[in-house]
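The figures that follow rest on heavy atoms only: side chains count, while hydrogens, waters and symmetry mates do not. Below, chain A is the first sequence line, B the second, and so on; all start at residue 1.
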Amino acid sequence: MRCIINGETIELPHHVRTVAQLLRHFHIHEKIAIVEINMDIVPKDNYEQRAIADGDRIEIVHFVGGG
Amino acid sequence: MDRYSRQQRFAPIGATGQQRIREKRVLVVGAGALGAANAETLVRAGVGKITIVDRDYVEWSNLQRQQLYTEEDAIKRLPKAMAAATHLRAINSDVVIEPIVADADARLLEYLVARDRPHVIIDSTDNFDVRMIINDVSQKYAVPWIYGACVGSYGLSYVIIPHETPCLRCLLEEVPLGVATCDTAGIISPVVHMVVAHQTAEALKILVNDERINRKLVSFDIWRGQYRMIDVKRIKKDGCPSCGDKRTYPALQYENETKFAVLCGRDTVQIRPAQRDGWEWTTLISFLQQQGIQVERNDYLFSFTVDWHRFVVFFDGRVFIHGTNDIQEAKRLYYQYLG
Ligand SMILES: [Zn+2]
C-alpha cells in the first residue's frame, strides 16, 4: 500500500493496515501522536480500528519538548 | 510615538491595537532560545509588562541560538532571567520587565498568574512537566497560553484558549518521555525563529483582541521544507482532568519533597529542595573552603568542582550537579556536600 505521509509518498508493508500499526511501524508512541487522514483528525481511541487505505494522505504530528 | 509607527500602520493593529498592547501583561516561562526571542519580540512590540521565569544560567553552548545573550553573560554565568532583563531594558525602557530566577513549579506559576492575571502565557520551556503546569494554571485562571517547541529543524506551535480549544492534555494523553531534546538531537536557530514567529503573531492577536487566532496545531520542518496545520478541535475531551467538566488540575497538586530530576541530555541532575528559606550560604561556602574546595560566586549562585562533578548552587536553594545522569549518585553527592 502506498500512502502520502507528511508529504512524502511511502510504500507501507502489508501488515500495516491500521493507524495503530502505522504508528508502531514508525516507532511513534500512540499516546503522544496526532494523526490526520485526508484532512480528518483521528481520535486516539480509534487508532486500533481505523483502517488506512491506498492513496491516503496521512499527517503524523509528534510532540517534542525542546525549546 | 514614532517608535511603533510601522506596527500601527499595519491595519489589524492600528493605534487602538497599539494602545491595547501597551496595557497588557505577558508571562514568559523559560528564557532559553524560545524565551529570549519571544521576550525580545514582545518587548519591541511595546507590551506593558513582561515577567520572565527561568532556572538556568547562560552557558557558551547557548550563544548559537539564544539571541539575547552575550559572551560576557556566559563568562559571568549570569542567570538567564537576569541577563535577559538587562538586555530587554536596554531595548525598550517603556516596558516593565520582571525577571524571576527560579524553577517554574506549580506553586510559583500559580502565584504569578493569580497575582498578575497575565493576558497570555508564552511557553518557552524545555519540558512537558512544566507545560502541564502551565496548561492547568491556564485553565484554572482562564488565561490563554501558547505552546511552542523545537528540536533539530522541527518545530510546533499551538494556542490553547480555555473553554474553547482542546488543551494540551487533550492532545497528549501522557507526558512524552525520552523524546529527542536539543542536547541529543541538536537544534538550528532558524527553527527557533519560526516557532517564535508563530507564537508571537498569535500573542499579538490575543493582545489586540483580534478574533483571527489560529486554532490549529502547526508543525514544520524548516530543513525538509514541510509545513502543516491540523484542526484538532474534535479531540477536545469532556472528561479531561485539566479542561473537562470534572477537572482536578493534576499538575497543580503541590509536592513537598526534595526533587531530583535529570536534565535531559545535559549530563546534569537538578535538585530542588522543598524548603526554600533559611539557607546559610556564607556558612556553607566557608565550610567548603575549609575543606580546600575552591568556590566561585556571583550575586545569584556559587559553584565548585569536586572530582569531575561541578556543583552550581543557586541562592534560591536549587542545585545543579553536572557530570552525572544518575539520580542515586546525585543524591549521594548532594547530601555529602550540601545536605
Ligand atoms: Zn483538556
Side-chain angles (χ1 to χ4, degrees), chain A, chain B residues 29-30 32-35 37-38 123-131 147-152 154-156 158 166 168 170-187 191-192 195-196 217-219 221 224-235 237 264-265:
Chain A
M1 177 160 52
R2 192 172 284 190
C3 294
I4 301 159
I5 299 172
N6 293 351
E8 284 172 46
T9 304
I10 290 176
E11 187 72 42
L12 292 169
H14 294 293
H15 66 269
V16 177
R17 295 201 188 93
T18 66
V19 170
Q21 287 163 347
L22 180 74
L23 291 175
R24 253 169 259 145
H25 178 66
F26 288 114
H27 306 288
I28 298 169
H29 183 33
E30 54 184 68
K31 291 200 166 157
I32 63 165
I34 301 283
V35 181
E36 189 192 59
I37 301 180
N38 304 326
M39 308 285 285
D40 204 16
I41 194 157
V42 184
K44 284 185 207 289
D45 38 17
N46 284 9
Y47 286 177
E48 293 290 342
Q49 300 93 318
R50 175 66 195 258
I52 49 180
D54 199 50
D56 275 349
R57 293 189 71 94
I58 303 171
E59 301 288 350
I60 304 171
V61 174
H62 65 280
F63 285 87
V64 296
Chain B
V29 186
L34 292 174
N38 269 305
D123 163 32
S124 300
T125 65
D126 59 2
N127 68 84
F128 282 100
D129 290 335
V130 182
R131 288 189 179 98
Y147 163 68
C150 45
V151 66
Y154 176 77
L156 307 105
Y158 175 63
L168 188 66
C170 291
L171 267 54
L172 272 176
E173 289 183 339
E174 50 181 59
V175 174
L177 290 172
V179 291
T181 70
C182 304
D183 302 292
T184 53
I187 179 143
V191 77
V192 172
V195 172
V196 170
L217 173 65
V218 184
S219 61
D221 188 312
R224 300 165 85 174
Q226 296 174 345
Y227 184 94
R228 55 188 175 263
M229 289 203 274
I230 292 185
D231 186 342
V232 291
K233 65 172 173 287
R234 265 185 62 199
I235 53 177
K237 292 198 187 80
C264 205

Minimum heavy-atom distance between B:Ala149 and A:Gly65, given as atom pair plus value: CB-C, 4.3 Å
Heavy-atom side-chain proximity of A:Ile32 to B:Leu172 below 4.5 angstrom: yes
Among the listed options B:Asp221, B:Asn127, B:Thr125, B:Leu171, the residue most often paired with chain A at heavy-atom distances under 4.5 Å: B:Leu171
Sub-4.5 Å side-chain heavy-atom contact between A:His29 and A:His62: no
Heavy-atom check, side chain of B:Val192 versus side chain of B:Cys150, under 4.5 Å: yes
Chain B contact residues among residues 12-20 of chain A, heavy-atom distance under 4.5 Å: none
4.5 Å side-chain heavy-atom contact, A:Arg2 and A:Ile10: no
B:Ser219 versus A:Val61, closest heavy-atom pair with distance: OG-CG2, 3.6 Å
Proximity breakdown for A:Glu8 and chain B, heavy-atom pairs closer than 4.5 Å: side chain
Which of B:Gly35, B:Ala33, B:Gly225, B:Gly148 touches chain A most, by non-hydrogen pairs under 4.5 Å: B:Ala33
Test: A:Glu36 and A:Arg50 ion pair at under 4.0 Å: no
Side chain proximity check, A:Leu22 to A:Ile60, heavy atoms < 4.5 angstrom: yes
Greatest number of heavy atom pairs closer than 4.5 Å to chain A - which of B:Leu156, B:Val196, B:Val195: B:Leu156
Pick from A:Ile34, A:Asp40, A:Val42, A:Ile41 with the largest number of heavy-atom pairs that fall under 4.5 Å of chain B: A:Ile41
B:Tyr158 versus chain A, the contacting section by heavy-atom distance below 4.5 Å: neither
Greatest number of heavy atom pairs closer than 4.5 Å to chain A - which of B:Arg228, B:Lys233, B:Lys237, B:Arg131: B:Arg228
Contact summary for A:Lys44 and B:Cys170, nearest pair of heavy atoms: CE-O, 4.0 Å
